[in-house]
Q: 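Here you go, one structure.
Small disclaimer: the values here were computed from a predicted structure and weren't measured. Just so we're on the same page: letters track the sequence lines, and every chain starts at 1.
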Amino acid sequence: MSIPAPFDYHPVKTVDEAISLLQEYSDDAKILAGGHSLIPSMKLRLSQPGHLIDIRGIDGLSYIREEGDVIAVGAVTPYIQVLRSDLLKHHFVALTEAAEDLGDQQVRNRGTLGGSLAHSDPAGDMPAVVLALKADIVVQGPKGKRTVQADDFFVDTFLTALEPDEILTEIRFKIPPARTGTAYIKLENKASHYALTGCAAMVTLDTDGTCTAASVAITGASTKTTRAGTVEAELVGKKLDEATVAAAAQHAAEGLELVEDIHGSKAYRAQMTVVMARRAILQAAEHAS
Amino acid sequence: MGISAMVGTPIKRREDPRLITGQATYVDDMKLLGMYHMAILRSPYGHARIVSINTDAAKALPGVIKIYTAEDLRGKVGNVVVAVPLGRIAEGMGIRGALAEGKVRFYGDPVAAVIADDAYTARDALDLIDIEYEPLPAAIDIEKAMQPGAALLYEEFGTNVAMSSHPPTDEMDKIFEQTVADGGIVVKQRIVNQRVAPVPMETRGVIAEYRKSDKSLTVWSSTQIPHLLRNFLAATLSLPQHQVRVITPEVGGGFGCKLNYYPEEMVAAFAAMQTGHPVKWIEDRSENLAVTVHGRDQLDYIEVAARKDGRVTGLKVHGISDMGAYCQLFTNVIMIAFGFPVSCGSYDIPVHLSFDVVFTNKAPTDAYRGAGRPEATYVSERAMDLVAFNLGLDPAEVRRINFVQPDQFPYKSSAGAVYDTGNYEPALDKALQIIDYKNLRAEQARKRAEGKLMGIGISSYIEICGFGPKGTAPVGLYESARVRVEHSGTVMVYTGASPHGQGEETTFAQIVAEEFSIPVENVMIMHGDTDSTPEGRGTYGSRTTAVGGAALFNAVQKLKEKMKLIASHILEASPSDVELEDGKFSVAGSPQKSVSFNDVALTANFSNTLAPGIEPGLETTVFFEPEACVFPFGTYVCSVEIDKETGETKVTRFVAVDDCGRQLNPMIVQGQIHGGIAQGIGQAMWEGVEYSEDGQLLTSTFMDYAMPIAEEFPQFELDHTVTLTTVNPLGVKGVGEAGTIGSTPAIAAAVADALGVAHVDMPFRAEKMWKIIHQQKG
């Protein structure tokens, strides 16, 4: 039967309440926002937290707003708001694309951006996009707020830079310069529809089409979502045509600890990573012009 | 036809309003006073010895009522019923009680049952039961399981093979030799039909209630076979048959997997008898994927001989059926009794059949949409494509010249089945015309020139259904109908069939409305309760209309005759001059002399004005046992495109031309075909149950078992031909499984065509395609 192990349920009204409960229960507590990764895991009893801290009742954690040169998104913003946001679509269409294809309608209605990042599923869509968009992640604990760069946030499979007594409160995207394009493309696992491998890319072009900045993140292929540094280096300073992008994308699987399971071998994941990277970068370049 | 030319019209289903507004009652919706909940502790191993079971801690959990293991059932509950125990199965191989004893033989094998106050306590108690296992090596690969030295499930038998038949091949060998000598070919192929999970939307569930005061047992079960279930329960629980009642609530899909008798039904009933409380068990999805019977899992070695012009001269099929760990109801005969008889498919060819039926450490297999016929059709269709591929001929034309011809019916196939009626070429031509075959091939040539991988596949299937005539099963597979015309002119029908999504509440009402010439709204179809319905055999094997509908039709004719007699007295005419039309009985040639259907119904039921000598009432029960099975057929043509870089395959077009004889409701027929095609394509493209070498189930949730979703399919293009059967008075065949049977081989043909190879095994997942493409490049 799919019934979670017994747990205590704590709906909270403020971030401080949540933090204080996290301090008290530490590893025996989990934050509940959308719950669409957590609850299935609890029903299978793979996860058995003694305490669930429901943060959906906290006012002011769900928003998408422009703050100067940054777009700030509250951690408890559901995907459906992300995909409906014209502001995000205008600046970061990769976010919209990822949210449109993520899970299914129920997951999109309930799941949250912050929850996805805190969960750090190595095949998750949002971690890859957030990495490629070089976001800053704001977390809050008993000692107050701190900002973690996306590059430092995703540590390992289901492991982030969050301390046991910290909660993710906001994701901040620096509004990129003009002529910046983003894209997210994944090759789906036909069962879960997660990325067997997926690539999020952000490229900035100058007026003659030369790439001045590139960030490329790979998900699904490895034990954590990772920046493809070599690919990025091979793009910067070059004009992004089919040939240069294809050549750069060849490096997309380098340095990755490739995953192998019934859905894909290492060899297939490696090669598909190259293909997805090429397709995502080309699409991002198209969006940039 | 008159007032209600009902048969053949696509009226909306009357089942749907309650289903889509959440007003249908499924077994999990039911709460009975004092009801307990059952949870099952299952083996985490594919194969292991049970060393010890300690239930002390679990029993001490507040709210736990009882915990049962095999020991508690011994002598009180019989074994899981196996319909046709043959070979070593007749000696006990593969026969089991409801709970595992001594050994567990597949991941999920039920070991202990907890009865508790509520579902939560029952589930928590499972974690407190301490079982010591001694893991054993598992037999997973079917061919390895047949080798000496393989891990044995039933050591006392010294083998994993339960049944075997290897008749001499001399005659077929001679044919093969002659064919080759005459310039023809022989092609050999190993063909995998992989294990899949039926995945009904509603998992299984049961509530059992026992009244100790009068020893009566009532069971509500999500089942396809209420009467058979009742009989099995009575037999295995040693209860008199008349003390057992089975009620089928709404059933959320069965597809064959609920045509069975399961341990959980047995234990729930036993628990209800022991405790005197109702006991409910609801299966969760992980259990369903692990232990509800799986489908298919058949390996075939075939050899097909053909002349240069594509005329097949002979087919050898050696089938190996993977039963999993135990026999369920039809596990051991799915291949040999249901599939083998139609091994020749739509074709007039000699066949030689041989088989092994084998146990492995996996869940039991049994009926799943098609039950043996998809496997057989897959074989015959691949054989045709192999001939076409090796001779460089058009697969459509190879099929055409091998078809059984219209003047050969009833056709006795060399595989055993006698096909009732058929006319295969028009269906083939229609499908080719709809998809514009010539231009599709031209498009393919253009795409190939551009370096794209496009494939076209054809499948001309037949299937055997409408079970069945005497001898099909140990208990006759007839059907029944009790019909009552009430004083208000409304009609109650009680059928022994058990529709669960097929739409007979609608189509049976259409038959009655048509024959009685009354509004379809005036007819009510009841099913599923063994107390009120005559003995029947349930719904599966595309039989409900062909057999159940025929019983209904005959019952209606009987009452019609009696009503004509009553009318003849009212109209002072001879009964043979009385006609029924437009809701009125009238005298032939004098339409002004008439009496309404309703008035005759009233007269019969309020007997005061009934002519003397006529028995009051209008009620009759008819049993119909067909003299033969029926054989729907059709041709499917589809196209696919494979992404060279990733191997991802898209089904771009799917044309289906089906012939199920008379169509009672074209919309319902289309719905059946749509669903059938979705499941057939699902198997071809994505699905597959997988186990590790030691018997761990690797596909235990939808994260790993790839279920098809709507956006993966093109719009299906459907058409039909109509070739009536002579087997029943309605002229109907069956249509529930045809879509699944016909679609899988069509996709297989298209994929092989896209890759330019003779054969690829299912499922056609992206990485597999990619590997083949890359091997071809390098």
Q: Taking side chain as everything from C-beta outward and backbone as N, CA, C, O, which of these in B:T203 sits under 4.5 Å from a heavy atom of chain A? Side chain, backbone, both or neither.
A: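 Nothing of B:T203, per the 4.5 Å heavy-atom cut-off to chain A.
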
Q: Please report the interatomic distance CG(B:D124) to CD1(A:I3), rounded to the nearest 0.5 Å.
A: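 The CD1 atom of A:I3 is 8.0 Å from CG of B:D124, to the nearest 0.5 Å.
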
Q: B:E648 versus chain A, heavy atoms under 4.5 Å apart: side chain, backbone, both or neither?
A: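 For B:E648, the side chain is the part near chain A, not the backbone.
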
Q: Distance from B:N288 atom CG to A:S2 atom OG, nearest 0.5 Å?
A: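 Atom-to-atom, B:N288:CG and A:S2:OG are 11.0 Å apart.
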
Q: Within a radius of less than 6.0 Å around CD of A:E254, do more than 12 heavy atoms belonging to other residues, nucleotides or ligands occur?
A: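 Yes, because the 6.0 Å sphere around CD of A:E254 holds more than 12 heavy atoms from other groups.
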
Q: If you count the non-hydrogen atoms of other residues, nucleotides and ligands that lie under 6.0 Å from NZ in A:K89, is the total more than 12?
A: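 Result for NZ/A:K89: open.
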
Q: Is the number of heavy atoms from other residues, nucleotides or ligands within 6.0 Å of CD (A:E100) greater than 12?
A: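 More than 12 within 6.0 Å, yes.
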
Q: Does B:S286 reach the side chain of A:L44, with side-chain heavy atoms less than 4.5 Å apart?
A: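 They are in side-chain contact.
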
Q: Under 4.0 Å between a side-chain nitrogen and a carboxylate oxygen: does that hold for A:K43 and B:D284?
A: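 Looking at B:D284 together with A:K43, the answer is no, because their closest N to O distance does not fall below 4.0 Å.
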
Q: Would you mind reporting whether A:Y268 and B:K771 have side-chain heavy atoms less than 4.5 Å apart?
A: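 No, their side chains stay 4.5 Å or more apart.
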
Q: Applying salt bridge (Lys or Arg N to Asp or Glu O under 4.0 Å), name anything that partners B:E450, two or more places apart in sequence or on another chain.
A: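 In terms of salt bridge (Lys or Arg N to Asp or Glu O under 4.0 Å), with neighbours along the sequence ignored, B:E450 is linked to B:K452.
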
Q: For A:K224, is the NZ atom crowded, meaning more than 12 foreign heavy atoms sit under 6.0 Å from it?
A: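 More than 12 within 6.0 Å, yes.
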
Q: With the side chain counted from C-beta on, respond yes when B:R123 and A:R45 share a heavy-atom pair under 4.5 Å apart, and no when they do not.
A: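 In contact.
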
Q: Could you check if a side-chain atom of B:E645 sits within less than 4.5 angstrom of a side-chain atom of A:R279, using non-hydrogen atoms only?
A: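 Result yes, sub-4.5 Å side-chain heavy-atom pair found.
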
Q: Heavy-atom count check: over 12 atoms from other residues, nucleotides or ligands less than 6.0 Å from B:E693 CD?
A: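 Open: at most 12 neighbouring heavy atoms sit under 6.0 Å from CD of B:E693.
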
Q: Is any side-chain N of the basic residue among A:K190 and B:D704 closer than 4.0 Å to the acidic one's carboxylate O?
A: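 No, A:K190 and B:D704 are not salt-bridged.
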
Q: As a quick check of understanding, evaluate side chain to side chain contact (heavy atoms under 4.5 Å, CB included) for B:T646 and A:Q271, giving each step before the final call.
A: CA-CA 9 Å; B:T646 63; A:Q271 183 54 31; over 6 Å; no

Q: As an exercise: rank A:P4, A:A5, A:P6 by heavy-atom pairs under 4.5 Å with chain B and give me the winner.
A: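 Ranked by heavy-atom pairs under 4.5 Å with chain B, first place is A:P6.
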
Q: Side chains of A:L196 and B:E767, heavy atoms from C-beta outward: is any pair under 4.5 Å?
A: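 No - every pair of side-chain heavy atoms lies 4.5 Å or more apart.
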
Q: Counting only heavy atoms not in B:K768 (residues, nucleotides, ligands), do more than 12 fall under 6.0 Å from its NZ?
A: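 Count over threshold, so yes.
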
Q: For the atom pair OG (A:S192) and CE (B:M707), what is the distance rounded to the nearest 0.5 Å?
A: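 If we round to the nearest 0.5 Å, A:S192:OG and B:M707:CE are 14.5 Å apart.
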
Q: Is there any residue in residues 118-129 of chain A with a non-hydrogen atom under 4.5 Å from a non-hydrogen atom of chain B, and which ones are they?
A: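 Under the 4.5 Å heavy-atom cut-off, nothing qualifies.
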
Q: Does a sphere of radius 6.0 Å around CZ in B:R285 hold more than 12 heavy atoms from other residues, nucleotides or ligands, not counting ones at 6.0 Å or beyond?
A: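 Yes, enclosed.
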
Q: If I measure from the heavy atoms of chain B, does A:N189 come under 4.5 Å with its side chain, its backbone, both, or neither?
A: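 For A:N189, side-chain heavy atoms alone lie under 4.5 Å from chain B.
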
